[in-house]
Structure formats: C-alpha cells, structure tokens
Engineer: 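Dropping a structure here in structure tokens format, bear with me for questions.
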Amino acid sequence: MPHLSESESPLLRRGLGEAFHWGTSVAAYQIEGAYQTDGKGLSVWDVFANKKGNTYLNQNANVACDFYHRYEADLDLLQTLGIADFRFSLAWSRILPNGTGVVNQKGVDFYNRLIDSCLRRGITPWVTLYHWDLPHDLERRGGWTNRDVVGWFCDFAEICLKRFGDRVPYWMVLNEPMVFTGAGYFLGIHAPGRRWLKNFIPAMHHAALAQAEGARVVKAHRPQAQVGTTFSCSYVTPLTDSPRDVQAAVRVDALLNRLYLEPALGLGYPLKDLPFLNRVEKYVRPGDESRLPFDYDFIGLQNYTREVAKHSWWMPFVNADLVKAAKRGCDPTLMGWEVYPECIYQMLRKFAAYPQVKRLVVTENGAAFPDTVTDGRVHDPRRTQYLQDHIAQVLRAKAEGVPVDGYFVWTFLDNFEWAEGYRPRFGLVHVDFETQQRTVKDSGYWYRDWIVQCKAEPVMQQKENTEK
Ligand code: IFM
C-alpha cells in the first residue's frame, strides 16, 4: 500500500495546482448548536438526542461547537490553514421551523452571513441541502415515509436557491441517503429511530426521488451551478473465497454501494442482487422511473473503510454479516473501522466505471482517534498518516484517469458524531467542549502544508519551463 514518501509526493502532486479542490466538510447539526435560538424549530435529531438512551452518554448537539455564534473565528482558522473549499449543510428547521410554510428570516440571515463571510475570506462554499436533520414537525407527518416529503423538500430547496443561489457555486442535494434511511428507518439507531422494512422501503424510495427532484430545483434556479449529491461507500471484500461468502459480499456491496447510486444514474434499484427490494413496487407510481435519475455534474464519494462480508443465515434479507475490524486483528479507529487506504482507490475506480459519472469529488474522508491536548499541541500521527495514505490513493486513481478533482477531510472541527456522541474525534482542529477552545492538531498543520505544496506545483513547473 503506497505511503506518500518525500520522494513520491511531488510526482503525485504534479499538475494538481489550483484545479484540485482541497477542502473540509461539516454538517449543521454536528457543529452549530443554538438548537432553539432565533426561531429555529426542532429537528428529528434534536428530539432523538434529547431522549434518554439514544446516544453515547445521552449526549446531544444542543450546543455542539457553538458554530452558530463562533463561525467568524472558525472561518478565520480555516483561512489560516489555507483551506479554500468549505462544505457545510443548511439546517432545514432553522430556515423553515415547521418544515413548510413560514420562513424564519433570522435563520436565513445566519446562512447569508456565513456564506458572505466565506466569500470575504476567499473560501468557496459547497452547500449540502440535507444532512439528516429533518424538521420534527415533518416527522410527525410521517417524515421520509410520507411521499409528500418529496414536495416539502423541493419547496425547501427552492427557498435555499432563491436566498443563497447567487453566491454558492457548488450544491449537494443529500448527504449519504443510505445512512440516514438505513440507520434512521431500518435499524432505529439514528433519528427518528424507526425500524424495519415497512419504514425503510418507503423512506428509501422517497429519498431517492427527493434527491433527483431536488437536483432539478437547483438547476432550474441556477443553471450555472455545479450540482452533485453524496454517497457513502465501503470497499467490500468476502471473508473467504467460498462461493457463499463471495455472494454475500455481492449483496453487501449492492446494499452499501449501489442502492442509491444506480437509480440516480438511471439504472434502477439493484433488485436482482437484493430481491427484498421488490417491496418498493407498492410505493412506486407511474413516471417515478424517469424521475429517479438526474444528470449530476459531480458525484460526492464518501469513504472511510472497507467491510469484510461473510454468509449468514441469521441476518434477515441480505443473508450476510460484516466481520468487525477488531476481530480480524486490525487496530481500528474509534469508530471501530479498519484503516485500509486502498479502499478509497477501489471505490473511485468503481464509481468512475459507470459511464454516467462525469466527475467525482471525495466529499468526505477521515478518521477518529483519541486526541488529547498537551502543552497546547495535539499530536495525532495516526490521523496524519491516514490522510497521507488516503490522499495518495486518491491521486493514484486520478493518475490512472479517474475524473476526481476534489478531496474534503471529514472534518474541520471535532464535533457531535451522531449516536456516538462526542467520543470519536474526527477534526483537524481539537475542540474542548467545556470551554469551546480550539487547538489545531498536527494533522491540521500537515494538511495546511500539503495544500501549499500542491498549489505551488504548477508555479514551480512554469518557472522550470521559462528557465529552459
Ligand atoms: O460524521 C459523519 C457524517 O455526518 C456523515 N459521514 C460520515 C461521518 C463520520 O461518521
């Protein structure tokens, strides 16, 4: 597995220059806090995380990083680190407290200030319309299982485009639909905590429809905007070469990597490999098939690890189980995930193999380790190594012709990691959640230096050329 050695890195960087986007990603619920400030309505996550027993140590993001009040100083920090692309999401219930109807002007003002503050600093905003925080009032009306959610979401998208579209060049419709429907509507471990196929299947179909319809809204209002959407993905390998394990890996791959991507590309749901999905027929209406695809300008790929699959009679619907990294002798991250850098290369190759995919951006990649502040510094060599190794694999794919032109670290600030609470720290910047003190980690400084070197590359080449 290639490491980014001193001698190799200039070769990998060559020609990247300004054309490659080096950024970092965050999400509204995970950082903003201010959960009831200035007219914001409750989201499903506000309700879920404030109910006992749903999250690690019953933690919630009522305050989180208090980004709502501290965004100016945080953007200063981002600027100091030379990170010129910033991906963040809009909290639906900050803009529409009840999900539909009356717009909360103070919420709109906040995002206007945030976008303008980015632009003033030369930071390009990349906006995700939906990163899992459905307004609670809409969940009371059925949430993602109610087909009306497609219209509610399009109305919300239209409001956002009208208010912010003039200044935001990159839009992503949904963040990881597989995760918010799988964890929130099948497993019940994320908000809104609903379970089983009766909830998952309609939620899945409505999220897939909303994704494409939302993209159409963005393009209708800003034809010049770059419109994408983001998919979680994991490189899936079988535990053994036995045909049963190999088939189990095919099913897990279909579930984790193809379920939302393929309908978005016009290929329909992967029914052949996942026959239980046939239940979707009940929710499909005439014309839906042609509404599911959209010609996305880019696909956001979000990858952290690989999964090893084995056959299992006990696991309903997929007859497959995942073998935990710790059981395989790996030294996992705080999320229990194996560090396997080649996974991102494999997934980029896999996504790029679809002829419909024009352009890829790694909209999330990163790792959680137990960081501590010592004498004002955070030494996090494992994260730096993780980032180096994964970036090397991204550039390897690029060198082989994969059309990837951006990489965003998850994440800028340590933040609220959903059901895992504040324990897993993914940030380039450490946050002390008692004092809100920020401390740039060594990996943050490494990323800063890496970006500087990449940007300098074409200048150096030009110089060489003129000297010749
Ligand atoms: O924190 C999450 C993010 O919200 C979505 N993608 C994965 C990250 C790490 O688990």
Side-chain angles (χ1 to χ4, degrees), residues 23-33 43-46 48-49 54-56 59-61 64-65 67 86-92 126-134 172-184 187 189-191 207 211 228-235 256-257 260-261 299-307 322 324-325 332-340 343-344 347 361-371 382-383 386-387 390 406-429 431 433 443:
T24 182
S25 295
V26 297
Y29 183 68
Q30 292 177 274
I31 64 166
E32 282 179 6
S43 77
V44 285
W45 267 99
D46 292 318
F48 185 80
N54 282 338
T55 60
Y56 175 75
Q59 291 170 341
N60 58 57
C65 308
F67 182 77
F86 185 41
R87 173 176 173 244
F88 56 88
S89 72
L90 307 175
W92 187 340
W126 294 57
V127 170
T128 308
L129 282 168
Y130 182 77
H131 200 127
W132 307 358
D133 44 359
L134 188 77
M172 285 139 290
V173 185
L174 298 184
N175 184 76
E176 300 181 351
M178 183 56 211
V179 180
F180 77 79
T181 55
L187 298 172
I189 55 173
H190 275 194
Q211 181 167 250
T229 195
T230 74
F231 298 108
S232 49
C233 61
S234 296
Y235 178 46
L256 299 186
N257 302 325
Y260 280 94
L261 177 65
I299 295 293
L301 181 152
Q302 312 201 151
N303 172 260
Y304 291 84
T305 190
R306 79 160 165 166
E307 298 292 356
L322 301 180
K324 287 206 166 77
T333 69
L334 277 182
M335 296 295 283
W337 297 342
E338 179 184 6
V339 177
Y340 189 85
C343 61
I344 201 161
M347 294 318 297
V361 176
V362 176
T363 38
E364 285 185 22
N365 174 244
F369 295 112
D371 307 313
R382 285 191 73 190
R383 180 173 296 98
Y386 180 101
L387 297 178
H390 285 73
Y407 174 91
F408 288 66
V409 175
W410 183 269
T411 180
F412 174 38
L413 304 168
D414 288 341
N415 61 44
F416 181 76
E417 179 53 31
W418 308 108
E420 311 291 330
Y422 294 98
R423 196 178 77 97
R425 292 179 175 271
F426 276 91
L428 294 170
V429 176
V431 176
F433 293 103
S443 59

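Computed from a predicted structure; not experimentally measured. Values below: every heavy atom of this structure, side chains too, minus hydrogens, waters and symmetry copies. All ligand and atom numbering here is 1-based and tracks the order in the structure.
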Engineer: So, do Pro424 and Met335 sit near enough that their side-chain heavy atoms are less than 4.5 Å apart?
Structural biologist: yes

Engineer: Would Phe88 and Trp126 count as a ring pair (Phe, Tyr, Trp, His ring centres under 6.0 Å) here? Give the steps.
Structural biologist: CA-CA 6 Å; Phe88 56 88; Trp126 294 57; over 10 Å; no

Engineer: State whether Glu338 and Arg306 are salt-bridged, where the test is any N-O pair (Lys NZ or Arg NE/NH1/NH2 against Asp/Glu carboxylate O) under 4.0 Å.
Structural biologist: yes

Engineer: Write 'none' if nothing qualifies; otherwise put on separate lines each N/O atom of ligand 1 with a protein N/O atom under 3.5 Å away and their distance to 0.1 Å.
Structural biologist:
{"from": "ligand 1", "atom 1": "1 (O)", "to": "Gln30", "atom 2": "NE2", "distance (Å)": "3.0"}
{"from": "ligand 1", "atom 1": "1 (O)", "to": "Trp410", "atom 2": "NE1", "distance (Å)": "3.3"}
{"from": "ligand 1", "atom 1": "1 (O)", "to": "Glu417", "atom 2": "OE1", "distance (Å)": "2.6"}
{"from": "ligand 1", "atom 1": "4 (O)", "to": "Gln30", "atom 2": "OE1", "distance (Å)": "2.8"}
{"from": "ligand 1", "atom 1": "4 (O)", "to": "His131", "atom 2": "NE2", "distance (Å)": "2.8"}
{"from": "ligand 1", "atom 1": "4 (O)", "to": "Trp418", "atom 2": "NE1", "distance (Å)": "2.9"}
{"from": "ligand 1", "atom 1": "6 (N)", "to": "Glu176", "atom 2": "OE1", "distance (Å)": "3.2"}
{"from": "ligand 1", "atom 1": "6 (N)", "to": "Glu176", "atom 2": "OE2", "distance (Å)": "2.9"}
{"from": "ligand 1", "atom 1": "6 (N)", "to": "Glu364", "atom 2": "OE1", "distance (Å)": "2.5"}
{"from": "ligand 1", "atom 1": "10 (O)", "to": "Glu417", "atom 2": "OE2", "distance (Å)": "2.6"}

Engineer: Ignoring hydrogens and geometry beyond distance, is a side-chain donor-acceptor pair present between Ser25 and Glu364 at under 3.5 Å?
Structural biologist: no

Engineer: Should the pair Tyr304 and Trp337 be assigned to parallel (<30°), tilted (30 to 60°) or perpendicular (>60°) ring geometry?
Structural biologist: tilted

Engineer: Please name all residues satisfying side chain to side chain donor-acceptor pair (under 3.5 Å) with Ser443, sequence neighbours left out, ordered by chain then number.
Structural biologist: Asp380

